[in-house]
Amino acid sequence: MSGIPIVRIEGLTKRFGEFAAVDAVSLEIPRNAFFALLGPSGCGKTTLLRMLAGFEQPSEGRILIDGEEMAGVPPNRRPVNMVFQSYAVFPHMTVAENVAYGLKVTGVPRPEIERRVGEALRMVRLSGFERRRPDQLSGGQKQRVALARALVKRPKLLLLDEPLSALDRKLREEMQLELVRLQHEVGITFVIVTHDQGEALSMATHVAVMNQGRVLQISDPRTLYEQPRSRFVADFIGQVNVFEARRVAAGDGELRLAVDGIGELALPDERPPEKVVAVAVRPEKMRVSAVPPEEGRVTIAGRVGQIAYFGDHSRVFVEARGRRLVCIRHNRSRREEPSFREGDPCYLSFRPEDAILLSS
Amino acid sequence: MDSWRSAPWVFWAFLLPGGLWLLLFFLVPLAMVWVLAFGERAGPVEIVITWTLDNYRQALEPIYLGLFWKSFWIAALATAICLVISFPVALAVSFAPARAKPLLLMLVILPFWTNLLIRTYAMIAVLRTKGYLNFGLEYLWTGAKALLTPIGLGELLGERFVPLSLLYNNTAVVFGIVYVYLPFMVLPLYATLERLDRSLIEASLDLGASQARTFRSVIVPLAWPGIVSGIILVFIPALGTFLISDLLGGPDSQLIGNVIERQFKAANNIPLGSALSFLLLYMTFLALALRAWLAGRRGYRG
């Protein structure tokens, strides 16, 4: 059984009237993955998640969970549990009653319920909170109750709908690490919906980027960041400088492109996509210098437009040939050197192999 | 903007009209009735306040206690029926598409646009022996008879259609109370169900609970404040009703409300009527105390 993916989605479409919230999506989620559905709000990621849980019926296509067809299976019969965005912790039950609920309604014997509830609360570090009521809990603690309540059912799939969006930043970062730890501990496949690219990259083993109901790219986080295929993905995951480009020649392990704002660019031809419409460079792959950089780097001359200071790094915006490019400088030393001021002439440069080829 | 804390006179100014109204038209008359309960009749219209307890003694006689008890169970039965009918209605309205909600709520409130008396008379037209309900039943009976006679089962339905006596009995009174006070149950239920977080219901289903289990373990406990409000709003007016029992009830359907009304009017025994009124009021207080106790005990508990 372990050979087949835990989730298989084929041609899944969900229409609300004329509008296709999810549009012909096919994908597979491998066993034990931490799978993130990432996209802007309204891209269909939550609808997709709700179809996995059984709260929405697909208009077309099918979902198989562990090889089993899910059409017509109601939410309460699916081997799937969900952590809701609002946590949906039952306000009229204590923490222990909340966690026990899913076991109680399916007729698990009482001693086993007690044991498993204790175990689940220990796992989310809420031991000792059994008799608390939800209104006595913080947001982070409610979140843990929701997690324990879902995990205690030992589902084949744990669905998380924007689970961290209501937490403040510090707590959110803490919970990100916590979720990854939990996923390793329980060995259950997690599917998380998020619009926060940082969250997706730092937690997931697989990220699917969605826009307008379609899945644009599914990759591991590094590939997604370093080799995005489309302009949308490149732009949505982190910041990027995009230059329009077109192919001039290829061969001898080299790809020659005519790039707007740069001129002709020769790139190592490792993975040439069928067509190239643009070249993208991440800001941290850019270097800004007061003097022309050494040979072998692609250089763009310009002027410093604006500097935004973030403490650990600064973003330097450079005006070059009528456009605004962005470059990240890591503040490695307490002394900034060389120091730039707005209006200073400067050189932006990057290594040719750091250029990303975009095919759409 | 000034907070009302820094300008308390604003607060009092707004409080004044409503406060005066309540004082003049509610508290003062209520106090008058309370005092009259301790009076004696001294002539056709004169009443002397002698602080006698005779009126209360009379009001606690078995005949009146029996009527209190009967009013209590009729009101309780009607309230229970209201609750059973209203819950699905309120649930359906709260789950209806946003655009349909105002219309559905209007349909619930619609009967209020007609005078209570006219509505109750309309019930008579529906329920009486030659009323619409019996007419409809007769129509069905005739049809069934025509179908069953050729296959020899015609005798099962009897020789002729016997109209049901639906009017002028206790059933008609309960029916009337349910009909008149239904919106008072639907609206508070709807208000709490509308505010109920849908994801709680989904969470329950997601955790493996059936629809029925979700209803019992999540929806009902969370709708409890609305259920209690609805019960109070229906039960208290039903307890003191006299119009419905007067029009729809039979000779044995007199409720305590009818007796009180008669004391103030036909029997011209205002002191006894006042004493009975206050006994009813004390029963209501008891019901409210019970409510507070229930809310403290059951509120937000499974």
Side-chain angles (χ1 to χ4, degrees), chain A residues 16-17 46 49-50 52-56 73-94 96-108 120 133-136 142 145-155 157-163 166, chain B residues 83 87-88 90-92 94-101 188-231 291-302:
Chain A
F16 295 105
T46 296
L49 196 77
R50 289 175 60 80
L52 281 171
F55 296 129
E56 305 281 355
V73 181
N76 51 334
R77 302 257 170 76
R78 295 195 180 200
V80 159
N81 285 109
M82 182 141 159
V83 174
F84 290 81
Q85 186 170 13
S86 61
Y87 315 138
V89 173
F90 301 126
H92 58 300
M93 298 180 194
T94 62
E97 284 167 350
N98 259 285
V99 179
Y101 184 79
L103 300 176
K104 216 166 96 186
V105 296
T106 42
V108 176
R133 298 205 153 252
D135 54 13
Q136 300 170 305
K142 279 186 209 165
V145 174
L147 263 170
R149 189 176 67 178
L151 286 173
V152 81
K153 296 272 293 175
R154 298 183 188 145
L157 204 60
L158 182 75
L159 309 175
L160 302 113
D161 184 11
E162 305 257 9
Chain B
L83 182 61
F87 216 106
L91 210 54
S94 70
F95 275 98
R99 280 188 314 168
K101 275 180 195 175
L189 277 180
Y190 166 75
T192 45
L193 291 173
E194 173 67 17
R195 269 181 290 138
L196 186 73
D197 184 358
R198 294 288 177 273
S199 59
L200 291 172
I201 297 168
E202 289 185 345
S204 172
L205 293 173
D206 185 70
L207 289 164
S210 61
Q211 303 270 358
R213 182 69 198 240
T214 300
F215 180 77
R216 190 154 58 83
S217 299
V218 176
I219 298 178
V220 169
L222 292 177
W224 190 247
I227 295 173
V228 172
S229 301
I231 288 176
R291 179 201 104 111
W293 180 70
L294 277 178
R297 205 178 66 97
R298 268 284 318 255
Y300 274 4
R301 237 172 207 293

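Residue numbers begin at 1 in each chain, while the letters A, B, ... track the order of the sequences.
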- [ ] Examine whether an atom of A:V152 lies under 4.5 Å from a heavy atom of chain B, and if so say whether it belongs to the side chain, the backbone or both; otherwise answer neither.
- [x] neither

TODO: To the nearest 0.5 angstrom, please state how far the OH atom of A:Y101 sits from the CZ atom of B:R213.
DONE: 6.0 Å

Task: Distance-minimising heavy-atom pair for A:K153 and B:G208 - done: NZ-CA, 4.2 Å

Task: Over 12 non-hydrogen atoms of neighbours within 6.0 angstrom of NZ in A:K104 - done: no

Open item on the list: Please classify the contact of B:D206 with chain A as side chain, backbone, both or neither, using a heavy-atom distance under 4.5 Å.
Closed with: both

Open item on the list: Is there a side-chain contact between A:P74 and B:L205 in this structure, where contact means two heavy atoms from C-beta onward sitting under 4.5 Å apart?
Closed with: no

- [ ] Check each atom of A:R50 against the heavy atoms of chain B and say whether the ones under 4.5 Å are side chain, backbone, both or neither.
- [x] side chain

Task: Which portion of A:F55 sits near chain B, non-hydrogen atoms under 4.5 angstrom - done: side chain

Open item on the list: Return the CD to OG distance between B:E202 and A:S86, rounded to the nearest 0.5 Å.
Closed with: 9.0 Å

Give every donor-acceptor pair under 3.5 Å between a side-chain atom in residues 94-101 of chain B and any protein atom, sequence neighbours left out.
| residue | atom | partner | partner atom | Å |
| --- | --- | --- | --- | --- |
| B:S94 | OG | B:A90 | O | 3.3 |
| B:S94 | OG | B:L91 | O | 3.0 |
| B:K101 | NZ | B:S94 | O | 3.4 |
| B:K101 | NZ | B:E194 | OE1 | 3.1 |
| B:K101 | NZ | B:E194 | OE2 | 3.2 |

Task: From CE (A:M93) to OG (B:S217), nearest 0.5 Å - done: 6.0 Å

Task: Pairwise side-chain contact, A:V105 with B:S204, heavy-atom cut-off 4.5 Å (strictly under) - done: no

Open item on the list: I want to check something: taking the side chain as every heavy atom from C-beta on, are B:L207 and A:F90 in contact at a cut-off of under 4.5 Å?
Closed with: yes

Task: CZ (A:R77) with more than 12 external heavy atoms under 6.0 Å - done: no

- [ ] Of all the heavy-atom pairs spanning A:N76 and B:S210, show the shortest one and how long it is.
- [x] ND2-CA, 3.4 Å

